[in-house]
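Have a look at the structure below, then the notes.
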Amino acid sequence: GTASEGQNEDVVSVGCGPRRGGLGPRARPGRVGDDEPVEVLLERDGALRGAVEACGLDDVPAVGSSTGILEFVGEDNGYAPYNDFGSGDVPLGSDEYEALTGAGIEVFHVPFALGAMSFFHNVPNAIGGLNMTGCVLADIFNRDVTTWDDASIAELNPNLEVPTGEPILVYHRVKGSSTTAGITTYLHEACPEKWPEEQVGKEIEWAEGTFEAEGSGGMSSAISASQYTIGYIDSGHGHDDGLFEIELFNADGTLQDSLTASLRGGIQQAAAEALALDIIPSDPSEDFSAVSLHNMPGEYTWPIVAISYMYIRKDQTATEYGPLLKAYVDFVISEEGQELLTAYNFVGVPASVLDVAKAAAASMELPASAMEWTFESADETQGGTGQADYVISGKRRSFYEYAIGELQAESATADDIETLTQLVNSLSASVASMEQKSCDCDDDDDDDDKKKMSPVPIVISVVSIVVALIAIVVAIDARSKARSALNRSGFKATELSAPCGNPDKELAYADLGKQAEHGDDI
């Protein structure tokens, strides 16, 4: 794929081989943005895992969005692409689109995922959350409001208690960022009088007194590291990192956070409204550069929604990878592919928008002699045909993947043993306490003391200790068997290596193996 925005992109290369059991020739590398649902594109469960393994998708170093789009457009290569497809949460710019169409090249935008962007804070004791309007946020990021006790903030948050004159620490992304583009677009849409159009873009001039954060990870770390900070990040990333979200008013005046909006269907509603208003073209070959899902009408819509696309060329007749690419696109926009999104805090596109994606896939032009790729799902074995050529199988599982899973299971087993050990210690203490409480012991009447003791609690506690001890023994035995199985196979932790001879991955897996041999968590 190719890059969208941000500086910490995961990069994917697509390779293909027809058989379930082997790797074929490599395809060309490409990029996806750091705010992309890249985990979904690289999901190893079900049929897509088969595509990943059979066709050799690997992550390689990032290059940034400008280079990624340059590679997809291929202007300096006679408009021949350096990669096979792209993915980003911004559409191709009008310049790139016009350059391609002007060269007689038809391109498709394939919308496949939705994600919320939001503002997050680190204000202690913000009881009941923190409420903001677009105009107040514009004042904060413009440094016109600089303290948390400002009257405009207090009006929206009457229960907020902060030290007098407590400064607001404002963080923004550096370099090109699709999140910056989304946030600044929202501020302009919500409060144009305070956030003019010239302050909208992937990279803008920020007010003096604001602080820089590089990448989504850098932003999350900056917010969590210091109290009284404010910044912005994609919603899923922020909540995964335990940050506190700011509640916003949408265009219809509903105050909510992005999680509530998602539960109410408000993220999909934003995309459906955009299509109904012709903001999203119904033809995937049209110019998508003006698409914006900000401040869409609707009672529960979230006001800052990003739509993720795959960028593909209509004409796939000159490449042997076209049929595989079509199968890949078909899977991502299938019901199974869309269901993968929720595990990574993204949302599938509504049915009306999914029709646009399906139209793109159906219109891809393939060689006349092209063989159609099919899928064998992980839970439905296709005897005989599942091993045939041009089948992407969810049954495939390479040994290195199995071995890593076993080592991860060992790590989990170690945690279970520690938990059970703590339970034994706790139960032992409970027994001692019960023994003390069940008698009023004095030296003058031992017989009466013995009569007053109730054996039931003690018996229950002893039985619990025995059960816990048995569980520990079973866990230790399972751990031993797992490592023995690996040893019998000739596999050693320090020999963990990545597929396809990728040096960067081999080093990473070797480090993983060393951790496992020393009993460290993986």
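Atoms considered below: every heavy atom in the structure, side chains included; atoms not considered: hydrogens, waters and symmetry mates. Numbers here simply count residues along the sequence, with the first being 1.
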Ring geometry between His109 and Tyr309 (parallel below 30°, tilted from 30 to 60°, perpendicular above 60°): perpendicular

Check against side chain to side chain contact (heavy atoms under 4.5 Å, CB included), Tyr97 and Val107: CA-CA 8 Å; Tyr97 178 81; Val107 294; 4.0 Å; yes

Partner of Pro303 by side chain to side chain contact (heavy atoms under 4.5 Å, CB included), out of Asp252, Asn295, Thr254: Asn295

Side chains of Tyr171 and Ser226, donor plus acceptor under 3.5 Å: no

Donor-acceptor pair between Tyr328 and Asp84 side chains, under 3.5 angstrom: no

Distance, nearest 0.5 Å, that separates CZ of Phe331 from CZ of Phe375: 6.5 Å

Residue pairs, two or more places apart or on separate chains, that pass salt bridge (charged side-chain N to carboxylate O under 4.0 Å, His left out) and touch residues 104-119: Glu106-Lys314

From CD (Gln382) to OG1 (Thr374), nearest 0.5 Å: 6.0 Å

Pro281 to Val291 - nearest heavy-atom pair and separation: CD-CG2, 3.8 Å

Stepwise ring-ring contact (aromatic ring centres under 6.0 Å, His included) test for His172 and Phe211: CA-CA 6 Å; His172 63 82; Phe211 300 93; 8.8 Å; no

Beyond-backbone contact of Gln338 with Val349, side-chain heavy atoms, under 4.5 angstrom: yes

Side-chain touch Leu293/Tyr186, heavy atoms, less than 4.5 angstrom: no

Sub-4.5 Å side-chain heavy-atom contact between Ile233 and Arg173: no

Worked verdict on His239 versus Asn345 for side chain to side chain contact (heavy atoms under 4.5 Å, CB included): CA-CA 9 Å; His239 285 289; Asn345 294 310; 5.7 Å; no

Audit row: Ser118, Trp302, side chain to side chain contact (heavy atoms under 4.5 Å, CB included) steps and yes/no: CA-CA 9 Å; Ser118 194; Trp302 181 248; 3.4 Å; yes

Derivation and outcome, side-chain hydrogen bond (donor to acceptor under 3.5 Å, both in side chains), residues Asp89 and Ser308: CA-CA 4 Å; Asp89 59 2; Ser308 293; 5.1 Å; no

Cation-pi check, Arg313 onto Phe72 ring (under 6.0 Å, within 45° of axis): yes

Pairs satisfying side chain to side chain donor-acceptor pair (under 3.5 Å), at least one member in residues 258-270, at least two apart: Ser235-Ser258, Glu245-Ser258, Gln256-Arg264, Asp257-Thr260

Check: Leu243 and Asn122 side chains under 4.5 Å, non-hydrogen atoms: no

Parallel, tilted or perpendicular: rings of Trp206 and Trp195 (30°, 60°): tilted

Option from Leu169, Ile223, Thr229, Ile246 for which side chain to side chain contact (heavy atoms under 4.5 Å, CB included) with His121 holds: Ile246

Rounded distance (nearest 0.5 Å) linking atom CG of Leu137 with atom CE of Met132: 5.5 Å

Closest non-hydrogen atom pair between Phe141 and Gly231, with its separation: CZ-CA, 4.3 Å

Show the atom names and distances, to 0.1 Å, of all donor-acceptor pairs under 3.5 Å that link a side chain in residues 357-371 to residues at least two apart or in another chain.
{"from": "Ser363", "atom 1": "OG", "to": "Ala359", "atom 2": "O", "distance (Å)": "2.8"}

Interatomic distance, Ile183 atom CD1 to Asp234 atom CG [nearest 0.5 angstrom]: 10.0 Å

Phe244, CZ: over 12 other non-hydrogen atoms inside 6.0 angstrom: no

Sub-4.5 Å side-chain heavy-atom contact between Thr133 and Leu248: no

Steps toward side chain to side chain contact (heavy atoms under 4.5 Å, CB included) verdict (Val332, Leu340): CA-CA 9 Å; Val332 172; Leu340 295 176; over 6 Å; no

Heavy-atom check, side chain of Tyr311 versus side chain of Pro91, under 4.5 Å: no

Minimum side-chain heavy-atom gap Gln199-Thr184 below 4.5 Å: no

Contact check, side chains of Thr381 and Glu376, non-hydrogen atoms, under 4.5 Å: yes

